[in-house]
Amino acid sequence: MSFNKLIKKYKKKKIKIGIVGIGYVGLKLLLQFAKNKVQVLGFDNNLEKLNMLNKRISPISYIKNSEIKKTSNYSSYNNDYSKLKECDAIILCLPTPLKNKKPDLSHIINTLKKIKKYFKKNQLLVLESTTYPGTTEEKIKPFLDKKFLIGKNFFLGYSPERENPGDNSFAFKNIPKICSGYSTKCTKLCLILYQMIVDKTVAAKNIKEAEFSKLIENIYRSVNISMVNEMKMISHKLNIDINNVLNLANTKPFGFTKFEPGPGIGGHCIPIDPYYLYWKAKQVNIDAKFIKLAGQTNEDTTNWVINNFFKILTKEKKIAKKTKLLILGLAYKKNIEDTRESASKKIIINLHGKLKKIDVSEPYIKMQNSVVSEDSIFLNKYKINNILITKNIIQKYDVVMILSDHDCFDYNLIKKESKILIDTRNRIERKNRFYKL
Ligand SMILES: NC(=O)c1ccc[n+]([C@@H]2O[C@H](COP(=O)([O-])OP(=O)(O)OC[C@H]3O[C@@H](n4cnc5c(N)ncnc54)[C@H](O)[C@@H]3O)[C@@H](O)[C@H]2O)c1
């Protein structure tokens, strides 16, 4: 097929897309294509997740079952990778974690080993996972080189995801999508693919710049969050409320962007992605000090919360071994169920065995999804109950600590019933026995 014919096929949306890895990023993407009447196949190795999706049950709390149902004419979910042969475009949305603080591309590499036999001429392969500059060309292209002429009879691209889980203030189609390709033709096809689902696509000059841009976005967040967390630790000593300070600074109409302090960073992005660039910088003999310092400061913030928790116990004349603590929120941020790398988990691990009892209230874990089972295991490992907050429950605890300020918590009840309340999310006003950390 000529390239022009291929373009026409894409423009008419007469294509089939395969998305490999239907997690937070992949599923959202899949639904966008399906909503726009493009046939899309979702592939995953998590059978529990596939089962749920095939029963039209959403595995993610902020994606409604109705969204899965509504798009069912254009979507299907399976682990039969031979169906990738039917696809015109294949998008990889696989995890890119760290192993010993170094990039772990095993999910991508192992998947490519498994699926490369299904690649065929004129397909477009796009990586969406966050990774260091050079990955697509150095790690993915070699899988294609023997069989294809990239840019001529096979197309390769990179397009980073900008998902902000749990935040519905930006509709998917309103978030500009960066597209890049190995050649001009690759970039063109990548742009046309994403123009089906977003209002604005932005062409990067090359793949490495697109890969780097995603890391800069996350490093920017990591550095700024760690900076406000450091400011919080200073202002706390000075008996100044950091949140009031930030609100004042935020009245400046230029040159200042407000970041929220908290108990420490979490999730699959901010604690992990910066180290991808840190590692890459090391390869070219650069010690990326900002990245390291931000990561360290954010870890220090969680330890600072723990140390201050004990200081508050002492001030309140409480003996740790006799203290019953209720933690509000296990997720790394509000209104989602994602507990990966969460400060709550780190705090629970640290405090375990030092108090009489620790329970947690994480309403999102009640929701059926694949993360649930892992979290139940996590909680059970530390013999912690997941408590539903209702009347007369909170007063059974000596201390309540807000770590993820889900909107669904009844803050009036929490304020009314807490004996000692510690807030790390600026959700309550400071007063007698109500502390802000
Ligand atoms: N979560 C976010 O907010 C976010 C935002 C932007 C970018 N990203 C990046 O996107 C990528 C994916 O992140 P995510 O949060 O969607 O991860 P996730 O863990 O939610 O989803 C990954 C999916 O891939 C599946 N999977 C893993 N190995 C597989 C394999 N070998 N074959 C098939 N399926 C496999 C998992 O079962 C899971 O469903 C990462 O690189 C991440 O850094 C994430």
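Indexing begins at 1, ligand by ligand and atom by atom, following the structure's order. Computation of the quantities below employed the complete heavy-atom set of this structure, encompassing side-chain atoms and omitting hydrogens, waters and symmetry-equivalent molecules.
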[X], portion touching ligand 1 at heavy-atom distance under 4.0 Å:
X: L94; result: both
X: C269; result: side chain
X: K49; result: side chain
X: T130; result: both
X: S129; result: both

Nearest 0.5 Å please: distance from the [atom1] atom of [X] over to the [atom2] atom of [Y].
X: I19; Y: C87; atom1: CD1; atom2: SG; result: 9.5 Å
X: K117; Y: K147; atom1: NZ; atom2: NZ; result: 10.0 Å
X: K121; Y: L6; atom1: NZ; atom2: CG; result: 13.5 Å

Please identify which atoms of ligand 1 are closer than 4.0 Å to at least one heavy atom of [X].
X: P165; value: 3 (O)
X: T111; value: 30 (C), 31 (N), 32 (N)
X: C93; value: 12 (C), 22 (C)
X: T96; value: 40 (C), 41 (O), 43 (O)
X: Y81; value: 32 (N), 33 (C)
X: N46; value: 37 (O)
X: P95; value: 22 (C), 24 (O), 27 (C)

Considering only protein heavy atoms, which is closest to [atom], and at what distance to one decimal place?
atom: atom 29 (C) of ligand 1; result: N45 ND2, 3.2 Å
atom: atom 8 (N) of ligand 1; result: V25 CG2, 3.5 Å
atom: atom 21 (O) of ligand 1; result: G23 CA, 3.1 Å
atom: atom 1 (N) of ligand 1; result: Y24 CB, 3.7 Å
atom: atom 24 (O) of ligand 1; result: G21 CA, 3.3 Å

Parallel, tilted or perpendicular: which fits the ring planes of [X] and [Y], with parallel below 30° and perpendicular above 60°?
X: Y24; Y: Y62; result: parallel
X: F378; Y: Y382; result: tilted
X: H406; Y: F409; result: tilted

| task | Test the K116-F143 pair against the cation-pi criterion, namely NZ or CZ under 6.0 angstrom from the six-membered ring centroid and within 45° of the ring axis. | result | no
| said: Using a 6.0 Å distance limit plus a 45 degree cone around the ring axis, check whether K177 lies over the aromatic ring of Y194. | reply: yes
| Is the closest heavy-atom distance from N110 to ligand 1 below 4.0 Å? | no
| contact_flag Y276 ligand 1 heavy-atom lt 4.0 Å | no
| field | Option among K28, K35, R56 that satisfies the salt bridge (Lys or Arg N to Asp or Glu O under 4.0 Å) test with E67 | value | K35
| field | Nearest-option assignment for atom 36 (C) of ligand 1, heavy atoms, candidates I19, I272, D44, L105 | value | D44
| So between H268, K214, K113, R340, whose heavy atom ends up nearest atom 19 (O) of ligand 1? | R340
| message | Quiz question: by atom type and distance under 3.5 Å, do the side chains of E337 and S61 form a donor-acceptor pair? | response | yes
| said: Side chains of N45 and K49: any donor to acceptor distance under 3.5 Å? | reply: no
| query | Do the ring centers of F309 and Y435 come within less than 6.0 Å of each other? | reply | no
| message | Just checking F43 against Y81, ring centres under 6.0 Å apart? | response | yes
| Any N/O of H107 closer than 3.5 Å to an N/O of ligand 1? | yes
